[in-house]
Amino acid sequence: MKLKTTLLIFSFVLTHTLLSQNQSQLAPTPPMGFMTWNYFGLDIHENDIKTLADAMVETGLRDLGYNYIFIDDGWQGGRDNKNNIIADPAKFPSGMKSLVDYVHTKGMKIGIYSDAAPLTCGGYTASLNFEEQDAKTFAAWGFDYLKYDYCGAPADWQTAISRYERMAKALQNSGRDIAFGICEWGDRSPWLWARKAGGHLWRTTADVRDKWKSHAPAGSAPHELHGYGAGILDILEINAGLDKYAGPNGWNDPDMLVVGLYGKKGAPSTGLGGTGCTDTEYQSQMSLWCLMAAPLMITCDVRNMNEATKRILTNKDIIAIDQDPLGIQAERKLKTDLLQIFVKPLSNGDVALGILNTSDQEQTIEVNPETLGIFNKRKAKDLWSGQTMNTGKRIKVKMAAHETKVFRLSE
Ligand code: GLA
C-alpha cells in the first residue's frame, strides 16, 4: 500500500515535471503567424479566420514557418450560467471548438486573447479570478497559445507579476501545451521577470502603428510612447537595447509586423498617425525584426497581398535569421544620427550583419567587419538582392533612405 502511494506520488511528480518542462519549451524559436488585431480590430468573424488560415496555406506562408493564427480581442460573448467564458455567437456561430479544429486540420496552430482584469482593452469579458476555469476552457477548445493583456489592471509591478504567474500556472494545469504571451507593453520592464513568471514572450512597447516614426522625444520610455503612436523606429529604439534578455523560449516582442498594411483598414494600426509606410520601410521592419529575433506576426490581409508584400514576408533567407536556433537577438553595435549597425551570431558560425540608413537621404555606407569584432568572414550574401560578394576589408553599400540591408557573412 505504502509502495503504491509512493509510486503514485512519484508518477504525479514526474508527469507534472515533464508537463512543466514541455510548457517552458513551447517557443524554442520566435513564434510566427498571423494576428487579427491591426487589420480587423474588434470586428472579427469565424469566416475571416478560416479564409485567413486557407490563405496562409495557399500562399506558402505556413510552410515558411508562419504557422499560428492568433485571434486577438473581440471574440468574447460573456459567460454562461456556469461562468464559462463563451465566444460571441454572432461572430463565431459554429463555436470555438469547431473553428480550432478547422485551423488544426490546415496544419496550423491557433492562439486566443484575454486580459488580467475583469474586462479587456476592448471592453470584453476577461479572465481575472477565472484563470483556472478559462485556461481549462481554452485547453478544451484546443488553443495552443494565449496572449494575455493588461488593460484595467493596477499599475504596480507586484500585481502584474502575480497576475501573470497565476495565469501561467493555470495554463500549466490546463492539460494542454499552451504558449503564453505577456502583453503589458513594456511598462513594467517585463524582460526582467516575464520568463520566470511563465511567459514565452513579452511585449516591450506600446502598440505598433502603421508608420515609420512618431514625434515622441528621443529616449522616451515604453509607457511614454502610448500617446504618440509608436512607429517602427520608436519600437526599434526600445527593443534594440534589450538583446541580452532574449533567447529560446523567452523573446522580446516588439509587436506585430505592419508590412503590407499601407495605412488601410483597421483602426488600431491607422490610429495615432498610422498613415502607412513605403515598401522600403516595410522591408526595414522585416529585416530589423528578424535581426532582433522577434516574433513575426503578420497583420496585413494575406488573402490579398501585392507582390512587394509577398516578397518581403516570404524571404526565406531573412526568416532563417529570425528563426536561427541559437536564438540570439542582434546586438546594436553602432548608432549615429544617420545609421545603425546590428550583429547577430548564427548557429553555423555565420554572422548576420544589419545596416540601417535612418537618414532621410540616400547614402553610401562602408563597414569594416573587423571593427565590429567579426573576423575571417570572406563572403557576404545580401539577403534582399540574393547576391554574394567577397568582402575584402570592407562592405560598401549604397542605401536608400530608411532602407535596411542584411548580409549573411561566412568564411
Ligand atoms: C492592447 C494590445 C493590442 C491588442 C489590443 C486589443 O492594446 O497591446 O496588441 O491586443 O489591446 O484590445
Side-chain angles (χ1 to χ4, degrees), residues 30-31 33-45 48-49 68-77 85 87-88 91 110-128 134 138 143 145-153 155 160 163-164 167 179-191 194 199-211 214 221-232 234-235 238-239 251-259 261 265-274 285 289 294-300:
F34 176 91
M35 193 168 260
T36 53
W37 182 246
N38 273 343
Y39 187 78
F40 292 98
L42 297 166
D43 188 17
I44 44 177
H45 192 276
D48 288 316
I49 308 295
Y68 274 101
I69 296 274
F70 299 99
I71 302 178
D72 209 292
D73 203 359
W75 63 268
Q76 309 85 335
I85 196 161
D88 180 338
K91 292 174 173 171
I110 180 160
I112 195 159
Y113 166 98
S114 194
D115 188 295
L119 296 177
T120 67
C121 299
Y124 289 77
T125 304
S127 296
L128 183 68
D134 289 358
F138 300 148
F143 279 99
Y145 179 108
L146 173 69
K147 169 177 174 180
Y148 205 44
D149 218 331
Y150 202 67
C151 279
R163 288 191 185 185
Y164 279 107
M167 186 44 107
F180 191 36
I182 287 179
C183 178
E184 60 72 79
W185 326 291
D187 288 2
R188 282 148 289 262
S189 306
W191 43 89
H200 297 95
L201 56 153
W202 45 87
R203 281 273 301 279
T204 55
T205 72
D207 292 4
V208 66
R209 309 291 167 166
D210 187 8
K211 63 186 188 184
S214 74
H223 70 273
E224 290 167 334
L225 281 181
H226 288 292
Y228 290 97
I232 293 168
D234 304 290
I235 289 187
I238 290 166
N239 203 70
W251 308 100
N252 291 315
D253 175 6
D255 208 5
M256 303 165 228
L257 296 170
V258 289
V259 178
L261 284 171
K265 190 99 195 256
S269 62
T270 55
L272 294 170
Q285 190 195 23
W289 265 228
L296 298 178
M297 301 173 193
I298 300 173
T299 56
C300 70

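We count ligands from 1, going down the list as the structure has it; atoms in each ligand are counted the same way. All residue numbers in this chain count up from 1 along the given sequence.
- Here's the thing with D73: one of its N/O atoms is less than 3.5 angstrom from an N/O atom of ligand 1.
- Looking at T120 against ligand 1, nothing comes within 4.0 Å, counting heavy atoms.
- The distance from ligand 1 to the heavy atoms of G122 drops below 4.0 Å at these ligand atoms: 12 (O).
- S114 pairs by the side chain to side chain donor-acceptor pair (under 3.5 Å) definition with S127, not counting sequence neighbours.
- Ligand-side atoms of ligand 1 in range of M256: 9 (O), range being under 4.0 angstrom from any heavy atom.
- Side chains of D88 and W75: no donor on one and acceptor on the other come within 3.5 Å.
- What sits closest to atom 2 (C) of ligand 1 on the protein, heavy atoms only, is D149 OD2, 3.2 Å.
- Remark: the backbone N or O of L272 is paired with a side-chain donor or acceptor of K211 at under 3.5 angstrom.
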_Show, in sequence, the C-alpha distance, side-chain angles and deciding distance for T204 and N239, and conclude whether the side chain to side chain donor-acceptor pair (under 3.5 Å) test is met._
CA-CA 6 Å; T204 55; N239 203 70; 2.8 Å; yes

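- Protein heavy atom in closest approach to atom 4 (C) of ligand 1: D72 OD1, 3.4 Å.
- Given atom 3 (C) of ligand 1, the protein heavy atom at minimum distance is D207 OD2, 3.5 Å.
- Considering backbone and side-chain atoms alike, D255 places every N or O at 3.5 Å or more from each N or O of ligand 1.
- The contact set between ligand 1 and K147, taken as ligand atoms under 4.0 Å from a residue heavy atom, comprises 3 (C), 4 (C), 9 (O), 10 (O).
- Close approach of ligand 1 to C121 (heavy-atom distance below 4.0 Å) involves ligand atoms 1 (C), 11 (O), 12 (O).
- W185 is listed as a side-chain neighbour of H226, based on a closest heavy-atom distance under 4.5 Å.
- Residues D149 and Y113 bring a donor and an acceptor atom of their side chains to less than 3.5 Å of each other.
- Within the 4.5 Å cutoff, side-chain heavy atoms of Y124 are placed close to those of L42.
- By the criterion of a heavy-atom distance under 4.0 Å, the side chain of C183, and not its backbone, is placed next to ligand 1.
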_Please determine whether side chain to side chain contact (heavy atoms under 4.5 Å, CB included) holds for the pair I49 and I69, giving the CA-CA distance in whole Å, both sets of side-chain angles, and the decisive distance to 0.1 Å._
CA-CA 8 Å; I49 308 295; I69 296 274; 3.8 Å; yes

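- Taking every heavy atom of W185 and a limit of under 4.0 angstrom, the matching atoms of ligand 1 come to 1 (C), 2 (C), 8 (O).
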